[in-house]
Amino acid sequence: MSSPRRVVVCGAGVMGASVAYFLARRGVAVTVVERTGVACAASGKSGGFLALDWSDGTPLGPLARASFALHAELARELETDYGYRRMDTFMVAARERGAVGGGHRVEAPGWLDGAGVVTAALGSTETTAQVQPARFTTALIGAATTRGATLRIGVVEEIAQRDGAARGVRVGSETIEADAVVLAMGPWTSRAARGLRLPAVHGLKGYSVTLAGADVPAHALFVDYRTADGRALEPEIFPRPDGETYVCGMADPAPLPESAEGVEVNDASCEVLARAAGRVSTALAAAKIIRRQACYRPVTDDGLPLIGRIPGVAGAYVATGHGPWGMLNAPATGLALSELIADGAASLVDLRPFDPARRR
Ligand SMILES: Cc1cc2nc3c(=O)[nH]c(=O)nc-3n(C[C@H](O)[C@H](O)[C@H](O)COP(=O)(O)OP(=O)(O)OC[C@H]3O[C@@H](n4cnc5c(N)ncnc54)[C@H](O)[C@@H]3O)c2cc1C
């Protein structure tokens with residue numbers, strides 16, 4: 001099979017942006033079609049936390065390690081400041097009311113001066129890092145367009161096919177012609193994949209807030225938290241280099257709306273997250289909520305992403321279902337898929353665990 005000359009990538013979240021960048025870097029003509037806006041969904045509202053070895057011992061281990069290394073390379077290569085930096089990472093136990101018994105179990109940073117107890121060091125600047133997700137995704141799209149890719153706003157309805165092969169995508173009454181198509185529409189991927197033999201992709205909703213006014217060090221926190229009414233939550237707290245602190249958590253079974261514009265924010269859930277942050281640090285307790293957000297991570301039934309050829313349609317590919325680790329795994333997914341599309345095989349990592357044709 002000859003290498004495709006024109007590829008349409010559907011979705012400008014971090015996955016579509018990464019695939020587009022690595023294809024454009026090797027000279028393939030790429031059109032990205034995005035419904036709403038670059039990084040308008042989870043890729044603009046997620047934590048952006050990266051871990052080298054937290055997926056070790058699972059099928060994701062090699063992908064995560066390759067991607068962690070690629071993040072460091074991209075931070076140099078893209079020549080854009082999108083908040084990439086290494087971090088130390090801690091586990092903290094805290095309660096909305098009262099204190100956790102005993103003192104810190106490991107040496108605790110001074111700014112963790114609230115009612116929480118630091119129970120473990122989870123990572124160091126060798127093994128954990130962060131990006132600012134919206135800026136990272138935008139930087140990838142910017143670098144792809146610098147290398148000739150184009151971005152179009154439009155709603156992809158389906159893959160246009162001829163004789164069992166993808167020949168582009170249908171956007172309204174128009175067909176955007178291409179030799180290969182990549183579906184990377186996050187939790188919405190299944191909606192444009194009707195009739196294709198793909199495992200289902202769902203959306204799992206979560207909330208986040210950003211806090212301003214607490215200029216705290218580069219320490220990521222994973223919190224074991226109990227609310228006053230007894231709920232067990234696991235908020236994650238990521239100070240960012242721009243001075244804001246991001247806090248996320250609070251899974252919600254609410255159904256996926258038609259598009260990112262229809263995602264509703266529950267203020268009460270956001271308040272719980274801000275209060276949790278305030279319990280571990282007096283600086284965070286004094287900080288103001290700047291943004292209240294919600295988004296849906298794309299999840300599959302077996303917990304593994306879909307990366308590879310869509311069975312039954314030559315020239316059709318998919319990259320989605322990365323769950324809680326899409327920011328981490330986007331670079332290796334994009335590079336490996338670009339190799340599969342252009343060379344016929346991925347050399348960066350073995351994509352077989354993520355084969356969309358796997359048993360469901
Ligand atoms: C609260 C939260 C915190 C997270 N924290 C982290 C973290 O710290 N580290 C980490 O690695 N990961 C994290 N994640 C996971 C990560 O954010 C996601 O896995 C990742 O953003 C998914 O990217 P995506 O490109 O697949 O999907 P999305 O970001 O959802 O992008 C899909 C895009 O497709 C577009 N689209 C949809 N339908 C169509 C259509 N018909 N036509 C054209 N375009 C369409 C959408 O508008 C959207 O822009 C977090 C997720 C959540 C929810």
Side-chain angles (χ1 to χ4, degrees), residues 8-20 31-51 54-55 60 63-64 67-68 71 87 89 128-134 136-137 140-141 151-159 169-172 176 182-194 201 203-209 220 222 235-238 246-252 256-263 269 273 293-300 305-307 318-331 333-334:
V8 172
V9 175
C10 309
V14 73
M15 230 41 80
S18 180
V19 175
T31 302
V32 179
V33 185
E34 161 57 41
R35 177 178 190 134
T36 306
V38 173
C40 63
S43 301
K45 301 186 170 72
S46 85
F49 177 77
L50 316 173
W54 290 18
S55 304
L60 284 170
L63 186 75
S67 224
F68 190 84
H71 268 289
M87 309 184 88
T89 301
T128 53
Q130 72 180 156
V131 292
Q132 211 281 14
F136 175 57
T137 304
L140 284 170
I141 289 285
L151 172 67
R152 291 192 45 176
I153 297 299
V155 181
V156 173
E157 281 156 33
E158 62 179 1
I159 296 178
V169 294
R170 206 157 63 72
V171 176
I176 302 176
V182 179
L183 299 186
M185 294 173 287
W188 292 278
T189 301
S190 292
R191 296 190 178 173
R194 279 182 292 269
V201 185
L204 177 61
K205 190 175 187 181
Y207 295 92
S208 57
V209 294
F222 287 73
E236 299 171 9
I237 301 174
F238 307 130
Y246 171 96
V247 188
C248 72
M250 307 288 295
D252 180 341
L256 183 70
E258 181 64 21
S259 76
E261 288 155 315
V263 176
S269 297
L273 291 172
Q293 315 173 124
C295 61
Y296 289 77
R297 69 185 60 165
V299 294
T300 57
L306 308 176
I307 311 169
V318 64
T320 187
H322 291 71
W325 288 117
M327 282 296 145
L328 168 63
N329 289 324
T333 298

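Every number for a ligand or one of its atoms is a count from 1 in the order of the listing.
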- Task: Would you tell me which option among Arg297, His322, Arg191 has the nearest heavy-atom contact to atom 52 (C) of ligand 1?
- Result: Arg297
- Message: Give me the atom names and distance for the closest heavy-atom approach of Ala192 to Met185.
- Response: CB-CE, 3.3 Å
- Query: Which is it for Glu34 and Ile153 under the side-chain contact (heavy atoms from CB on, under 4.5 Å) test, yes or no, and what are the steps along the way?
  - Reply: CA-CA 5 Å; Glu34 161 57 41; Ile153 297 299; 4.3 Å; yes
- Have a look at Ala134, Gly323, Cys295 and point out the one with the heavy atom closest to atom 53 (C) of ligand 1. Cys295
- Query: Which heavy atom of the protein is the closest neighbour of atom 10 (C) of ligand 1, given with residue, atom name and distance?
  - Reply: Pro324 O, 3.1 Å
- Item | Polar atom proximity, Met15 to ligand 1 (N or O, under 3.5 Å) | yes
- Message: Can you name the atoms of ligand 1, numbered from 1 with element, that are less than 4.0 Å from a heavy atom of Cys40?
- Response: 47 (O), 49 (O)
- Message: Please check whether Gly48 reaches ligand 1 - meaning an N/O of the residue sits under 3.5 Å from an N/O of the ligand, judged on distance alone.
- Response: yes
- Can you name the closest pair of heavy atoms from Ser259 and Thr36 and give their distance? CB-OG1, 4.4 Å
- Task: Check ligand 1 against Leu328 and write out every atom of the ligand that is under 4.0 Å from a heavy-atom position of the residue.
- Result: 10 (C), 11 (O)
- Query: What part of Pro298 sits under 4.0 Å from ligand 1 if we count only heavy atoms: the side chain, the backbone, both or neither?
  - Reply: side chain
- Query: Any idea which part of Ala260 is under 4.0 Å from ligand 1, heavy-atom wise: side chain, backbone, both or neither?
  - Reply: neither
- Task: Please step through side-chain contact (heavy atoms from CB on, under 4.5 Å) for the pair Val182 and Met15, ending with a clear verdict.
- Result: CA-CA 10 Å; Val182 179; Met15 230 41 80; over 6 Å; no
- Message: Test your reading of the structure: does Ala319 have an N or O sitting under 3.5 Å from an N or O of ligand 1?
- Response: no
- Determine whether the side chain, the backbone, both or neither of Val33 has a heavy atom under 4.0 Å from any heavy atom of ligand 1. backbone
- Note on the structure: Of Gly186, Cys248, Ser43, Ala330, the one whose closest heavy atom lies nearest atom 29 (O) of ligand 1 is Ser43
- Note on the structure: Residues Pro235 and Val247: closest non-hydrogen pair is CB-CG1, 4.4 Å
- Task: Hey, can you tell me if Phe238 and Phe49 have their rings parallel, tilted or perpendicular (30° and 60° cut-offs)?
- Result: parallel
- May I have the step-by-step check of side-chain contact (heavy atoms from CB on, under 4.5 Å) for Val8 and Val33, ending in yes or no? CA-CA 7 Å; Val8 172; Val33 185; 3.8 Å; yes
- Task: Distance to 0.1 Å, residue and atom name: give those for the protein heavy atom nearest to atom 42 (N) of ligand 1.
- Result: Val156 N, 2.9 Å
- Query: Would one find an N or O of Glu34, backbone or side chain, under 3.5 Å from an N or O of ligand 1?
  - Reply: yes
- Query: Can you find an N or O of Phe49 that's nearer than 3.5 Å to an N or O of ligand 1?
  - Reply: yes
- Item | Sub-4.0 Å atoms of ligand 1 with respect to non-hydrogen atoms of Gly154 | 42 (N), 43 (C)
- Message: If we set the cut-off at 4.0 Å for heavy atoms, which region of Trp325 has an atom near ligand 1: side chain, backbone, both, or neither?
- Response: both
- Between Ala220, Pro187, Ser46, which one has a non-hydrogen atom sitting closest to atom 17 (O) of ligand 1? Ser46
- Item | Distance filter under 4.0 Å to Val14 heavy atoms, resulting ligand 1 atoms | 23 (O), 25 (O)
- Query: Do you know which two heavy atoms are closest between Trp188 and Ala260, and how far apart they sit?
  - Reply: CZ2-N, 3.5 Å
- Heavy-atom closest contact (Val201 atom, Pro298 atom, distance): CG1-CB, 3.9 Å
- Contacting atoms of ligand 1, where contact means under 4.0 angstrom from a heavy atom of Val155: 41 (N), 42 (N)
